Amino acid sequence: QVQLVESGGGLVQAGGSLRLSCAASGRTFNNYAMGWFRQAPGKEREFVAGISWTGISIYYADSVKGRFTISRDNAKNTIYLQMNSLKPEDTAIYYCVANQGHRIGPNPNYWGQGTQVTVSS
């Protein structure tokens, strides 16, 4: 059974930084894209960032470009999301996701349980 376990969320002041991690287990993830979605209170889930198995293809939502960086360590089956210059509007539950193929689709097959990120003004 596939498991995605996030860590690294918390409370930070605006302008600060956090680093999220997601450890994947339960299968080999060759040819699986991985990434992050988020859901703010009262809003729909939205795509944040994605990365291909090779790490060559990386893409972001416009709202986080230039502030967030996604990376992966395939030896550890782990991806990361470095979040800098955080804003109150980044407050959300952040979910790690995975699906086969080069890109994260709108409805990934696998989801983690989520980790809360709260940015105070």
Side-chain angles (χ1 to χ4, degrees):
Q1 185 175 350
V2 173
Q3 276 195 314
L4 302 175
V5 180
E6 303 97 336
S7 60
L11 173 64
V12 64
Q13 287 189 330
S17 298
L18 281 175
R19 188 193 195 206
L20 305 184
S21 299
C22 171
S25 62
R27 63 160 299 127
T28 57
F29 285 86
N30 293 359
N31 299 317
Y32 271 68
M34 297 185 70
W36 298 90
F37 274 63
R38 68 185 181 185
Q39 186 168 22
K43 295 187 177 180
E44 294 187 354
R45 283 179 182 176
E46 63 175 358
F47 168 78
V48 176
I51 186 167
S52 62
W53 165 252
T54 61
I56 292 175
S57 179
I58 292 175
Y59 36 98
Y60 300 94
D62 288 343
S63 58
V64 306
K65 277 181 184 176
R67 300 187 298 121
F68 289 12
T69 302
I70 189 172
S71 60
R72 70 189 292 167
D73 182 340
N74 289 337
K76 296 180 179 179
N77 270 353
T78 299
I79 67 168
Y80 306 94
L81 186 69
Q82 178 66 43
M83 306 185 293
N84 298 330
S85 302
L86 283 162
K87 305 175 181 179
E89 51 264 44
D90 293 318
T91 296
I93 299 174
Y94 283 70
Y95 297 92
C96 178
V97 298
N99 60 230
Q100 281 187 303
H102 293 292
R103 292 184 68 89
I104 286 295
N107 294 295
N109 301 92
Y110 303 107
W111 293 73
Q113 82 288 351
T115 186
Q116 177 71 48
V117 171
T118 302
V119 184
S120 63
S121 56

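Computed from a predicted model, the values in this text were never measured in an experiment. Along the sequence shown, residues are numbered consecutively beginning with 1. Computed from heavy atoms alone, side chains included, the values below leave out hydrogens, waters and symmetry copies.
The CG atom of Asn99 sits 9.5 Å away from atom OH of Tyr110, with the distance rounded to the nearest 0.5 Å. The distance from atom CG of Asn74 to atom OG1 of Thr54, rounded to the nearest 0.5 Å, is 8.5 Å. The distance from the SG atom of Cys22 to the CH2 atom of Trp111 is 12.0 Å, given to the nearest 0.5 Å. Taking CD from Gln3 and CZ from Arg27, the interatomic distance works out to 14.0 Å, rounded to the nearest 0.5 Å. Note that OG1 of Thr69 and CE of Met83 are 11.0 Å apart. Values are rounded to the nearest 0.5 Å. Once rounded to the nearest 0.5 Å, the distance linking CG of Leu4 with OG of Ser25 reads 7.5 Å.
When all heavy atoms of Phe29 and Arg72 are compared, the pair lying nearest together is O-NH2, 4.3 Å. Of all the heavy atoms in Tyr60 and Ala49, the pair that sits closest is CD2-CB, 3.6 Å. Residues Cys96 and Ile79 share a closest heavy-atom pair of SG-CD1, 3.9 Å. Taking every heavy atom of both residues into account, Tyr59 and His102 meet most closely at OH-O, 3.7 Å. Ala40 and Thr91 get closest at one heavy-atom pair: CB-O, 3.5 Å. Heavy atoms only, all atoms of each residue included: Tyr32 and Ala98 are closest at CD2-CB, 4.4 Å.
Taking hydrophobic clusters as Ile, Leu, Val, Met, Phe, Trp and Tyr residues chained together by side-chain heavy-atom distances below 4.5 Å, Val2 shares a cluster with Ile51. Phe68 is connected to Ile58 through a chain of hydrophobic side-chain contacts under 4.5 Å among Ile, Leu, Val, Met, Phe, Trp and Tyr, so both are in one cluster. No path of Ile, Leu, Val, Met, Phe, Trp and Tyr side chains, each step under 4.5 Å between heavy atoms, connects Trp36 with Ile93, placing them in separate hydrophobic clusters.
By the salt bridge (charged side-chain N to carboxylate O under 4.0 Å, His left out) test, Arg67 is found to be paired with Asp90, residues two or more places apart in sequence or in another chain being considered.
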Is there a side-chain contact (heavy atoms from CB on, under 4.5 Å) between Val117 and Leu20 once you walk through the steps? CA-CA 9 Å; Val117 171; Leu20 305 184; 4.0 Å; yes
Worked verdict on Phe37 versus Ile104 for side-chain contact (heavy atoms from CB on, under 4.5 Å): CA-CA 10 Å; Phe37 274 63; Ile104 286 295; 3.7 Å; yes
Let me see the working for Val97 and Phe47 under side-chain contact (heavy atoms from CB on, under 4.5 Å), right down to the final yes or no. CA-CA 10 Å; Val97 298; Phe47 168 78; over 6 Å; no
side-chain contact (heavy atoms from CB on, under 4.5 Å) evaluation trace for Glu6 with Tyr94: CA-CA 8 Å; Glu6 303 97 336; Tyr94 283 70; over 6 Å; no
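Counting only distance, with no hydrogens or angles, the side chain of Gln82 and the backbone of Arg19 share no donor-acceptor pair below 3.5 Å.
Applying the side-chain contact (heavy atoms from CB on, under 4.5 Å) test between Leu18 and each of Leu86, Thr118, Leu81 identifies Leu86 as the sole match. The salt bridge (charged side-chain N to carboxylate O under 4.0 Å, His left out) with Arg38 is formed by just one residue from the set Glu46, Glu89, Glu44; it is Glu46.
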